[in-house]
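Here the structure comes first, spelled out in structure tokens, and everything after it is commentary.
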Amino acid sequence: MDPTGQKYFTIIDYVIFALLLVASMAIGLYYAFTGGRQSTTQEFMYADRSMKCLPLSLSLMATFQSAVAIIGTPAEVYANGTQYWFIGCCYILGLLIPAHIFIPMFYRLHLTSVYQYLELRFCKAVRICGTVTFIFQMVIYMGVGIYTPALALNAVTGFHLWGAVLATGLVCTLYTALGGLKAVVWTDVFQTVVMFTGQLAVIIVGVHQAGGLSDAWVKVRDGGRISGIDLNPDPTVRHTFWTLGVGGVFLMLSLYGVNQAQVQRYLSSRTEKEAVMSCYMVFPCLQVALMLSCLMGLVMYACYGNNSPLEQQYITSKDQMVLYFVMDMLQNFPGLPGLFVACLFSASLSTISSAFNSLATVTMVDLIKPHYSMTEARATLLSKMLALSYGIICVAMAYVVHLMNSSVLQAALSIFGMVGGPLLGLFCLGIFFPCANSIGAVTGLAAGLVMAFWVGIGGFLSRMPSSVQVLPFNSTNTVLAASENITVPAVIDAARPAGLNGLYSLSYMWYSALNSSTVVLIGLIISFMTGPTKGDDVASGTVYPVMRTAQSLLHKLVKLSACCTSPEHTIDGHKKINGNVKEDAGTEEETETFLPSNAVSPLEHETSV
């Protein structure tokens, strides 16, 4: 192996990569010419609400398992150890809360766009603000999501940059515009299988190249890459248990709770129960994806040690490390580099196609439908044209990103996270606080966006002079004892940043929590200053009854405690506890405190597209 030489694709690698694009295109064409042939907006946008939970769960996972994550997570683990793996802890609350609060509420309101909720709860102006913010977020991320893997592939293998961008962009645009949500979901399933297969193949071959499983373990252990639980409460430390396990919950809620791309999949399921079940099934899928990415980082360290290709100047960016490793270690295995590149671009395709479909939906439902009346056929055609238009915009955004330097590229990636927090705060303000009014909602969203860009861009600019190093300043030293595996924070003589520098040094994992909290706090203050919304003025089913739910949960816990301490007998359908006969509390559906599943949604009065 010549580590300094240019790596090249073989014919087999090109064939495997081409097969990915052909198979994805074939799935789109299949759904374009079968079934209802995408002749209605209901089928194009929501797959006729006929999707099952297994394909939905894989699609939900694949939507934000982007190529940026596949090349970024292993590089993070290689440089700083497995501390990032603890982000898996946030998946629990980050999926339970949407499954029990957001999904039932949105499903029972019969929404077609999640931003319709904002008009039901507040007013049309809030709905438009939310929609425009989402479009801004996704349009920027589309260009970055398709350009980043193509740039890394070009730098490492010499693969034509714009050939990769145009091929993936064109295929993704066509199968999304022709096949609708069904094509997007089933290509996500196919691409998820390709992702997992590619990563697993690289891990297996990499372990073999490192000398076997036991030798690989010894190398990563002796190299200090097996991190324990870092309980440092300092919010400026980049990755600790608290930043990942707690701050990550808010990031998960912004992605899996109120993001149109994900909510659209929940609403396409056959029943509310299957929508909730699909959210549950995302948990093991995400854990598998996280495990494979982290294991890839450890295998990279087992093969390279501290001789990083970046330090040896074989590559120019940390984003190129994963592809360089694949081409370097697997160049004697024809087809495996092509399989991993197919894995990488599968992640890119799944993210971009979801963006196209969700953007076309919100543009049609939130910005066009309320102002123009049209036939079903024309609405469907316009929806397809919108998806096609966003595909063209995606390629144009990739070119804009190409004109920027790498630092601006990183800033553009951060925008996706910065905008998600304020949107989460806006929905939480409406769902959990009945007193919040429209003025408070708009003002809170504006304040949250200002806070997001102030802290995010300010922090980015303050860190620009620093360079990426292995085990940086805010990492931790791992001490392995016989009876415990707890990370002891390194002793730092330097003073912690104070004032604005302290705010700018905030870990990026807290951005969503800070920004959403800002929206809620400012929104409540302005609402009380301008006159809070009265209970009678709140639309039915748009507020989650926190106090009633807490009281019901407390009642169930007391009841469970009583059942555990005394025998229970049943008399004519009633329960006898300690000699007293009590009526059964009823089923969960009968005691539901927000909009019942069989209630008529306020949206029934709107003209559906």
Side-chain angles (χ1 to χ4, degrees), residues 27-28 30-63 95-114 116-117 175-176 179-193 255-286 350 353-354 357-358 360-362 364-365 376 380 383 541 587-590 592 594-604 606 608-609:
I27 294 173
Y30 173 79
Y31 284 104
F33 297 107
T34 59
R37 301 194 175 190
Q38 309 300 319
S39 58
T40 65
T41 53
Q42 187 76 357
E43 183 180 12
F44 182 78
M45 296 178 182
Y46 286 92
D48 280 334
R49 301 188 188 267
S50 60
M51 299 304 299
K52 298 181 180 180
C53 59
L54 180 58
L56 275 183
S57 61
L58 292 175
S59 180
L60 286 164
M61 185 278 296
T63 296
L95 293 171
L96 278 177
I97 294 175
H100 290 277
I101 296 178
F102 294 118
I103 294 177
M105 178 173 290
F106 295 152
Y107 200 93
R108 296 175 189 184
L109 288 172
H110 304 294
L111 304 177
T112 41
S113 161
V114 70
Q116 286 178 304
Y117 167 83
Y175 79 69
T176 303
L181 186 63
K182 282 184 181 179
V184 171
V185 170
W186 283 108
T187 49
D188 283 351
V189 173
F190 166 69
Q191 291 156 6
T192 299
V193 174
L255 294 178
Y256 287 89
V258 299
N259 188 282
Q260 169 67 22
Q262 305 294 56
V263 173
Q264 194 167 336
R265 283 158 173 72
Y266 299 143
L267 300 179
S268 69
S269 60
R270 296 183 297 182
T271 63
E272 179 187 323
K273 183 179 180 180
E274 289 206 34
V276 172
M277 186 58 65
S278 67
C279 189
Y280 283 151
M281 293 178 66
V282 173
F283 179 78
C285 297
L286 284 174
S350 62
S353 63
S354 300
N357 193 262
S358 59
T361 299
V362 298
M364 183 67 195
V365 174
E376 180 68 17
T380 304
S383 299
T587 63
E588 182 179 352
E589 287 77 14
E590 292 170 342
E592 191 64 69
F594 58 103
L595 192 67
S597 57
N598 59 351
V600 177
S601 165
L603 287 176
E604 295 295 329
E606 288 191 2
S608 59
V609 178

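The residues of the chain are indexed from 1 along the displayed sequence.
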Quiz item: From Leu109 CG over to Tyr117 OH, what is the distance, rounded to the nearest 0.5 angstrom?
Solution: 8.0 Å
Self-check item: Tyr266 side chain near Cys279 side chain, heavy-atom distance below 4.5 Å
Solution: yes
Quiz item: Yes or no on side chain to side chain contact (heavy atoms under 4.5 Å, CB included) for Thr192 and Met61, after CA distance, side-chain angles and deciding distance?
Solution: CA-CA 8 Å; Thr192 299; Met61 185 278 296; 3.3 Å; yes
Self-check item: Ser278: side-chain hydrogen bond (donor to acceptor under 3.5 Å, both in side chains) partners, not counting sequence neighbours
Solution: none
Quiz prompt | Minimum-distance pair of heavy atoms, taken over all atoms of Ala99 and Val276 | solution = O-CG2, 3.5 Å
Exercise. Measure the shortest side-chain to side-chain distance between Thr41 and Glu376 over non-hydrogen atoms and say whether it is less than 4.5 angstrom.
Key: yes
Quiz prompt | Met364 to Ser383 - nearest heavy-atom pair and separation | solution = CG-OG, 3.6 Å
Practice problem: Name all residues meeting the side chain to side chain contact (heavy atoms under 4.5 Å, CB included) criterion together with Ala360; count only those two or more places apart in sequence or in a different chain, and write none if there are none. | Solution: Leu386, Ala387
Quiz item: Residues two or more places apart in sequence or in another chain: which of them pass side chain to side chain contact (heavy atoms under 4.5 Å, CB included) with Leu267?
Solution: Tyr46, Arg49, Phe106, Tyr107, Leu111, Val263
Quiz item: Is there a donor-acceptor contact under 3.5 Å from the side chain of Glu43 to the main chain of Thr40?
Solution: no
Quiz item: In Å, rounded to the nearest 0.5 Å, how long is the span from CD1 of Ile103 to OG of Ser269?
Solution: 8.0 Å
Quiz item: Looking at side-chain heavy atoms only, is the closest gap between Tyr30 and Lys182 below 4.5 Å?
Solution: no
Practice problem: Could you pull out all residues at least two apart from Val258 that satisfy side chain to side chain contact (heavy atoms under 4.5 Å, CB included)? | Solution: Phe102, Leu424, Phe427
Quiz prompt | Sequence-distant partners of Thr361, side-chain hydrogen bond (donor to acceptor under 3.5 Å, both in side chains), two or more places apart | solution = Gln264
Quiz prompt | Residue list, side-chain hydrogen bond (donor to acceptor under 3.5 Å, both in side chains) with Ser350, at least two apart or on another chain | solution = none
Quiz item: Atom CG of Leu60 and atom CZ of Phe283: how far apart are they, to the nearest 0.5 Å?
Solution: 15.0 Å
Quiz item: Is Tyr31 reaching over with its side chain to a backbone N or O of Ala47, donor-acceptor style, under 3.5 angstrom?
Solution: no
Exercise. Output the distance between atom SG (Cys53) and atom CE (Met277), rounded to the nearest 0.5 Å.
Key: 6.5 Å
Quiz item: side-chain hydrogen bond (donor to acceptor under 3.5 Å, both in side chains) with Ser59: which residues, sequence neighbours excluded?
Solution: Asp188, Arg265
Quiz prompt | Under the ring-ring contact (aromatic ring centres under 6.0 Å, His included) test, residues paired with Tyr175 that sit two or more places apart | solution = none
Quiz item: Looking only at heavy atoms, which two atoms of Ala261 and Ser354 are closest? And how far apart?
Solution: CB-O, 4.3 Å
Quiz item: Between the side chain of Gln260 and the main-chain N/O of Val114, is any donor-acceptor distance below 3.5 Å?
Solution: yes
Self-check item: Residues forming a side chain to side chain contact (heavy atoms under 4.5 Å, CB included) with Lys273, sequence neighbours excluded
Solution: Thr271
Quiz item: At what distance, to the nearest 0.5 angstrom, does CZ of Arg108 lie from NE2 of His110?
Solution: 10.0 Å
Quiz item: Considering only heavy atoms from C-beta outward, does the side chain of Met45 approach that of Val365 to under 4.5 Å?
Solution: yes
Quiz item: Where do Ser268 and Leu181 come nearest, in terms of heavy atoms and distance?
Solution: CB-CD2, 3.6 Å
